[in-house]
Amino acid sequence: MAAYIVEDTKKLTTSKIIQMKKDGKKIAMLTAYDYTMAQIVDKAGMDIVLVGDSASNVMAGNLTTLPITIDEMIYHGRSVARGVKRAMVVCDMPFGTYQVSREEGIRNAVRMMAETGVDALKLEGGEEIIDTIRGIINAGIPVMGHLGLTPQSVYKFGGYGVRAKEEKEAAKLLRDAKLLEYAGCFSIVLEKIPATLTEQVCKTLSIPVLGIGAGIADGQVLVSPDMLGMNMGFRPKFLRQYAQLSDVIIDALGQYITDVKSCSFPNEAESY
Ligand code: KIV
């Protein structure tokens, strides 16, 4: 399958991302965590590459996103930023780096931007962290919000179930979304909420809303190893798998093992 044809090859900025919503153009976002994958995702024509703290799960094998550190996210962010030419690169601020105080959040955000070379940061939460978000934006850093199932709060929620099904939580989410827009966020992610609520948020906000397990929005985001079928056994309802790379890789590796053991690799052409 060919890469998506991109007409404008210039670097995507926050204003271009916002303009896409105004023009009725959908936004495609995908995670990447390393240089090699970032180059491929960018070449495919992705609009935004997210250096998600899902790196904690899919790169490090942790059960949650909580253990990943700021140093580890800086390593992933820097690796991805080096591989991307066109897409906008957004990096997650990890758990514990912006919840304690506004000052600490701004300091950590400044450090992440300075040491990674990414274009923007993503933070989970609404009203509770709105002063911190304002402070980070005032420091000149673009911020993407994240509401609904915010995985850094998994222990508060008691699991990874759908959020905002009840009216009270849905009303708070809508309020939080407006607060994030008013604070200056250039976009928000809505994770695992009812599709009707996403539709309402998309209509209310002028900034783009990117959904994951949230129905139709101004764009979508998925976790790359999940959508490429590398994360064996992980099949939530919202996930569409575009490839079965684990099968492809296992076949290739099996062939390599056979070739090594049968001495058919390396051959003469592969030797010096
Ligand atoms: O960490 C991540 O990959 C994310 C996406 C699921 C939105 O936050």
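For ligands, and for the atoms within them, numbers begin at 1 and follow the listed sequence.
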- Taken to the nearest 0.5 Å, the spacing of Leu30 CG from Ser224 OG works out to 5.0 Å
- State plainly whether the residues Lys203 and Glu199 are in salt-bridge range, i.e. N to O under 4.0 Å. yes
Could you check ligand 1 for N or O atoms lying under 3.5 Å from protein N or O atoms and list the pairs with distances?
| from | atom 1 | to | atom 2 | distance (Å) |
| --- | --- | --- | --- | --- |
| ligand 1 | 1 (O) | Asp53 | N | 3.2 |
| ligand 1 | 1 (O) | Asp53 | OD1 | 3.0 |
| ligand 1 | 1 (O) | Ser54 | N | 3.0 |
| ligand 1 | 1 (O) | Ser54 | OG | 3.3 |
| ligand 1 | 1 (O) | Asp92 | OD2 | 3.1 |
| ligand 1 | 3 (O) | Ser54 | OG | 2.5 |
| ligand 1 | 8 (O) | Lys122 | NZ | 2.8 |

- Task: Take Asp42 and Lys11 through the test salt bridge (Lys or Arg N to Asp or Glu O under 4.0 Å) and record every step on the way to the result.
- Result: CA-CA 11 Å; Asp42 192 40; Lys11 180 84 181 165; over 6 Å; no
- Is the CE atom of Met37 crowded by more than 12 outside heavy atoms at less than 6.0 Å? yes
- Note on the structure: Residue pairs meeting side chain to side chain donor-acceptor pair (under 3.5 Å), one or both in residues 186-197, sequence neighbours left out, come to His146-Glu191
- Query: Knowing that exactly one of Lys16, Arg86, Lys21 qualifies, which makes a salt bridge (charged side-chain N to carboxylate O under 4.0 Å, His left out) with Asp47?
  - Reply: Arg86
